[in-house]
Amino acid sequence: MSEEAKKQKQVIIDEIKGKLDGAKSAVLVDYMGITVEQAEILRKKLREANIDYTVYKNTLMKRAIDGTEFAPLAQAMEGPSAIAISKEDATAPARVLSGLIKDFQKMSFKGGVVEGDFYDQDGIGKIALIPGREELIAKFMGSIQSPLSKFARTLVAIAEAKDGGAAPAVEAE
């Protein structure tokens, strides 16, 4: 192999390492069978979710992940592979790709590393079912708000009952 070819490969390896540095998750998919139009839709949806999606040669990816927390991905790298990387939301790549896999019915998960743990194809499918951070926060806030609202209504009802139904109006802040 020429020195120039080695340099070109090293540039790609360094690019992969840079993308994985600080990443919360990386998911491998088999992208074969999707059309160009579907690939454009896939890239757009992943970009909107701040997920980096790239197709690399498996040998270069294996070299890049060697010795990192993403090293277990090597066992899932057979055949054509694309990698989706997120530095913000650990479950986003699995979640977004899962929806696209259902829509296209051609792609499939190979495996992934989420917050340092390796998951096989089935495991990544289960990770995809976990709601995003914002949705979890909204559900949590809703679960807190509901009992507080009921408590406030109960206090108002008690005050009205004591005053014979003439409780002072509660001003919203």
Side-chain angles (χ1 to χ4, degrees), residues 6-145:
K6 285 182 182 179
K7 285 181 183 177
Q8 288 175 345
K9 288 183 180 185
Q10 190 58 48
V11 167
I12 295 170
I13 291 168
D14 292 341
E15 175 185 314
I16 298 168
K17 284 182 179 182
K19 289 180 179 184
L20 289 171
D21 185 39
K24 292 187 177 183
S25 64
V27 176
L28 289 177
V29 292
D30 179 350
Y31 60 90
M32 293 306 292
I34 63 172
T35 65
V36 172
E37 181 181 323
Q38 289 171 330
E40 288 174 10
I41 292 168
L42 174 129
R43 289 182 188 279
K44 181 178 183 265
K45 288 195 178 199
L46 290 169
R47 208 173 20 253
E48 288 170 355
N50 292 321
I51 300 167
D52 182 88
Y53 175 82
T54 314
V55 176
Y56 293 109
K57 287 187 172 187
N58 287 340
T59 54
L60 298 179
M61 280 198 287
K62 286 178 182 177
R63 287 184 189 168
I65 63 174
D66 189 36
T68 71
E69 68 178 314
F70 297 99
L73 286 175
Q75 61 190 321
M77 289 182 193
E78 262 188 50
S81 300
I83 189 167
I85 302 168
S86 176
K87 293 188 177 194
E88 297 173 10
D89 183 350
T91 62
R95 196 174 51 255
V96 174
L97 286 168
S98 177
L100 294 166
I101 287 170
K102 287 176 187 170
D103 290 347
F104 300 160
Q105 298 180 355
K106 293 182 182 171
M107 299 171 50
S108 63
F109 287 123
K110 290 184 162 195
V113 172
V114 178
E115 294 184 337
D117 295 320
F118 176 77
Y119 296 91
D120 62 5
Q121 180 178 6
D122 294 333
I124 288 295
K126 290 176 182 167
I127 293 287
L129 300 175
I130 298 173
R133 183 175 187 272
E134 290 77 24
E135 186 177 341
L136 287 173
I137 289 171
K139 286 181 179 183
F140 175 71
M141 296 306 288
S143 68
I144 289 174
Q145 184 179 8

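The side-chain heavy atoms of Ile41 and Phe104, taken from C-beta on, include a pair separated by under 4.5 Å.
For Lys62 and Tyr56, the side-chain atoms include no donor-acceptor pair closer than 3.5 Å. No side-chain donor from either of Asp66 and Thr68 sits under 3.5 Å from a side-chain acceptor of the other.
Going from atom CD1 of Ile101 over to atom CD of Gln105 covers 11.5 Å, rounded to the nearest 0.5 Å. The distance from atom CD1 of Ile12 to atom CZ of Arg63, rounded to the nearest 0.5 Å, is 10.5 Å. Here the straight-line distance linking atom NZ of Lys110 with atom CD1 of Ile124 works out to 13.5 Å at 0.5 Å rounding. With rounding to the nearest 0.5 angstrom, the CG atom of Asp52 is 9.5 Å from the CZ atom of Arg43. For the atom pair Ile65 CD1 and Leu20 CG, the distance stands at 8.0 Å (nearest 0.5 Å). Distance check: Met61 CE to Lys19 NZ gives 11.0 Å after rounding to the nearest 0.5 Å.
Within a 6.0 Å sphere centred on CD of Glu37, other residues, nucleotides and ligands contribute 12 heavy atoms or fewer. More than 12 heavy atoms of other residues, nucleotides or ligands lie within 6.0 Å of CD in Glu15, so this atom counts as buried by the packing criterion.
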Before giving the answer on side-chain contact (heavy atoms from CB on, under 4.5 Å), spell out for Ile34 and Met107 the whole-Å C-alpha distance, their side-chain angles and the decisive distance to 0.1 Å.
CA-CA 7 Å; Ile34 63 172; Met107 299 171 50; 3.3 Å; yes
So Asp30 and Phe109, side-chain contact (heavy atoms from CB on, under 4.5 Å) or not? Walk me through it.
CA-CA 6 Å; Asp30 179 350; Phe109 287 123; over 6 Å; no
Take Leu97 and Leu46 through the test side-chain contact (heavy atoms from CB on, under 4.5 Å) and record every step on the way to the result.
CA-CA 8 Å; Leu97 286 168; Leu46 290 169; 4.0 Å; yes
Evaluate salt bridge (charged side-chain N to carboxylate O under 4.0 Å, His left out) for Asp89 paired with Arg95, printing each intermediate quantity in order.
CA-CA 10 Å; Asp89 183 350; Arg95 196 174 51 255; 2.8 Å; yes
Go through the steps to decide whether Leu129 and Thr91 satisfy the test side-chain contact (heavy atoms from CB on, under 4.5 Å), and finish with yes or no.
CA-CA 9 Å; Leu129 300 175; Thr91 62; over 6 Å; no
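Between the side chain of Ser25 and the backbone N or O of Ala90 there is at least one donor-acceptor pair closer than 3.5 Å. Formation of a donor-acceptor pair under 3.5 Å by the Lys87 side chain with backbone atoms of Asp21 is found in this model.
Annotation for Ser108 and Gln121: closest pair CB-NE2, 4.2 Å, computed over non-hydrogen atoms. Closest non-hydrogen pair, Ile13 versus Leu60, comes out as CG1-O, 3.9 Å. Annotation for Ala128 and Ser98: closest pair CB-CB, 3.5 Å, computed over non-hydrogen atoms. Between Ile51 and Ser86, the closest heavy-atom pair is CG1-CB, 4.3 Å. For the pair Tyr31 and Ala82, the tightest heavy-atom approach, listed with the atom from each and the gap, is CD2-CB, 3.7 Å. In terms of heavy atoms, Glu69 sits closest to Glu115 at OE1-C, 4.3 Å.
Using a cut-off of 4.0 Å between Lys/Arg side-chain N and Asp/Glu carboxylate O, Glu40 and Lys44 are scored as not salt-bridged.
The one candidate from Val96, Ile83, Ile85, Val29 that meets the side chain to side chain contact (heavy atoms under 4.5 Å, CB included) condition with Tyr53 is Val29.
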